[in-house]
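Beneath this line is the structure, given in structure tokens, with notes to follow.
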Amino acid sequence: MRKIFTIGETVLDIIFKNGQPVASTAGGSMLNTSVSLGRLGLPVHFISEYGNDPVGFMIDDFLNKNGVNSDYVYHFEDGKSALALAFLDENNNASYTFYKSYPQKRFDITFPEVNENDIVMFGSIYAIAMEIRETLREFLLYAKSLNALIYYDPNFRKAHLHELEQLRPAIIENMSLASVVRASDEDLEIIFGAKNSEEAYEAVKPFCTTLIYTSSSEAAYLKTPEITLCLPTRKIEPVSTIGAGDTFNAGIAYGLYKHNIGNNALSSVSADTWQQLIGYGIDFATEVCLSYDNYISAEFAKIRHTKNAE
Ligand SMILES: OC[C@H]1O[C@](O)(CO)[C@@H](O)[C@@H]1O
């Protein structure tokens, strides 16, 4: 069976609004994506690291209850599971402060076997952190050699802006390893100074020719050598935008899985099919903004799941 592997950081998000904690939930970009995919009943394997501590136990339990395989998580003894404080502004967009205390020995895992057409998703700080780069790179090269479909989301947080120059080569290398890059307008403006979808594609194209560019308050764009699409996003009053991009990614992965699109088929996907995929991304991202959760709800997943089985 075709599998989905997600690689990314794990944090416990503590969400603040008007100076008060209002919710706490497992977070990290690829964890968020994984939980949505797990709730949809897809075979998702999360590759990450966190502590053998109370936060880590809570996260293990949460992943297992939501259908996410955590066999490839490195549970460390020294150090503590990471925390993120997410402060929502008046538009319910978050800014983050991270608390991390990793052990000396990081990401000590045996990688899973990858097969042709499996989907490998990675992104965010974990995709560029120097402490684990060699291990991650090795895995990506291995997955690429097997013709897996590799999906990358830079998801660059302003909290890391001071390190951008140092990190840019890794971001570019990640784009070169990817079959699909999905990036927000904010990301590509920070990384390349791109101000719109055309400038964004000019910047990304030398490294990866399939770009999904999202401008959350307006539209999602697809750019490939053959196809350009622009789908408007929905106007809503968000409760919290945390996890919107991650859940958009889950929508695309769901579409790739449902339509059985592997790496070889990617270049021949029709504009109609792409439109459906981007539509799932927008639906999923809209749903996640309507609660403090970072993932689609179990009810929303169930409706999709049932539709799938029909
Ligand atoms: O950058 C990490 C932060 O971003 C998120 O993944 C949302 O996209 C949060 O869950 C996490 O705290």
Side-chain angles (χ1 to χ4, degrees), residues 6-17 21-39 44 46-50 55-56 58-59 62-63 66 68 73 80-89 91-102 121-129 131-132 136 151-164 167 170-171 174 182-187 190-191 212 214 216 238-253 281 284-297:
T6 51
I7 314 167
E9 77 278 7
T10 297
V11 293
L12 180 74
D13 283 341
I14 305 174
I15 304 165
F16 287 78
K17 178 81 188 171
V22 288
S24 140
T25 188
S29 57
M30 286 299 150
L31 180 144
N32 295 338
T33 305
S34 308
V35 172
S36 290
L37 295 174
R39 287 184 172 175
V44 58
F46 181 48
I47 306 173
S48 187
E49 63 186 339
Y50 43 81
V55 168
M58 255 163 45
I59 290 174
F62 181 72
L63 292 176
N66 285 288
V68 179
V73 168
K80 295 187 181 73
S81 296
L83 302 181
L85 305 191
F87 299 94
L88 296 177
D89 64 14
N91 299 318
N92 294 321
N93 289 321
S95 54
Y96 300 92
T97 307
F98 297 106
Y99 294 79
K100 291 183 179 170
S101 164
Y102 286 116
M121 307 178 77
F122 75 116
S124 214
I125 191 63
Y126 223 63
I128 46 179
E131 298 83 354
I132 59 160
L136 174 72
Y151 185 104
Y152 174 52
D153 176 0
N155 197 24
F156 194 84
R157 297 273 173 238
K158 289 217 172 86
H160 300 288
L161 206 52
H162 61 286
E163 300 168 279
L164 178 61
L167 298 173
I171 298 178
N174 289 342
R182 198 290 298 185
S184 68
D185 47 356
E186 215 186 343
D187 279 343
I190 294 177
I191 301 165
I212 301 171
T214 51
S216 49
V239 172
S240 153
T241 63
I242 302 174
D246 313 332
T247 313
F248 180 95
N249 294 337
I252 303 292
F284 283 30
T286 308
E287 145 80 7
V288 90
C289 289
L290 299 174
S291 76
Y292 284 125
D293 262 358
N294 300 349
Y295 355 84
I296 56 170
S297 65

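For the numbers below, each heavy atom of this structure counts, side chains included, while hydrogens, waters and symmetry mates do not. Counting starts at 1 for both ligands and their atoms, following the listed order. In what follows, residues are counted from 1 in the order of the sequence shown.
- In this pair, Phe98 and Tyr96 present their aromatic rings parallel. The plane angle is below 30°, not in the 30 to 60° band.
- The single protein non-hydrogen atom nearest to atom 2 (C) of ligand 1 is Glu9 OE2, 3.4 Å, given as residue, atom name and distance.
- Taking every non-hydrogen atom of Ala84 and a distance limit under 4.0 Å, the qualifying atoms of ligand 1 come out as 12 (O).
- Residue-ligand proximity: Ala86 is placed with every non-hydrogen atom at 4.0 Å or more from ligand 1.
- The shortest heavy-atom distance from Gly245 to ligand 1 is not under 4.0 Å.
- At a cut-off of 3.5 Å, with distance as the only test, no side-chain donor of Thr10 or Glu49 sits close to an acceptor on the other residue.
- With Asn174 contributing its side chain and Ala127 its backbone, the two residues share a donor-acceptor pair below 3.5 Å.
- At least one N or O atom of Gly28, backbone or side chain, sits closer than 3.5 Å to an N or O atom of ligand 1.
- Side-chain contact between Phe16 and Ile14: present, with at least one pair of heavy atoms (C-beta onward) separated by less than 4.5 Å.
- Near Gly27, meaning under 4.0 Å from any of its heavy atoms, are these atoms of ligand 1: 10 (O).
- Taking every heavy atom of Ser29 and a limit of under 4.0 angstrom, the matching atoms of ligand 1 come to 6 (O).
- In this structure, Tyr295 and Phe62 have tilted ring planes: the angle between them lies in the 30° to 60° band.
- Counting atoms of ligand 1 from 1 in the listed order, those under 4.0 Å from a heavy atom of Asn294 are 10 (O).
- The salt bridge (Lys or Arg N to Asp or Glu O under 4.0 Å) search around Glu186 returns Lys158, not counting sequence neighbours.
- When the options Leu12, Leu31, Thr25, Asp246 are ranked by their closest heavy atom to atom 7 (C) of ligand 1, first place goes to Asp246.
- Between Ser48 and Met30 there is no side-chain heavy-atom pair separated by less than 4.5 Å.
- Scanning the protein heavy atoms around atom 9 (C) of ligand 1, the nearest turns out to be Asp13 OD2, 3.3 Å.
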Under 3.5 Å donor-acceptor pairs involving side-chain atoms of residues 243-252, not counting sequence neighbours:
| residue | atom | partner | partner atom | Å |
| --- | --- | --- | --- | --- |
| Asp246 | OD2 | Asn32 | ND2 | 2.8 |
| Thr247 | OG1 | Gly243 | O | 2.6 |
| Thr247 | OG1 | Asn294 | O | 3.2 |
| Asn249 | OD1 | Tyr151 | OH | 2.8 |
| Asn249 | OD1 | Arg182 | NE | 3.0 |
| Asn249 | ND2 | Asp153 | OD2 | 2.9 |
| Asn249 | ND2 | Gly245 | O | 3.4 |

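- Annotation: atom 4 (O) of ligand 1 to nearest protein heavy atom, Arg157 NH2, 3.0 Å.
- Less than 4.0 angstrom separates some heavy atom of Val11 from each of these atoms of ligand 1: 11 (C), 12 (O).
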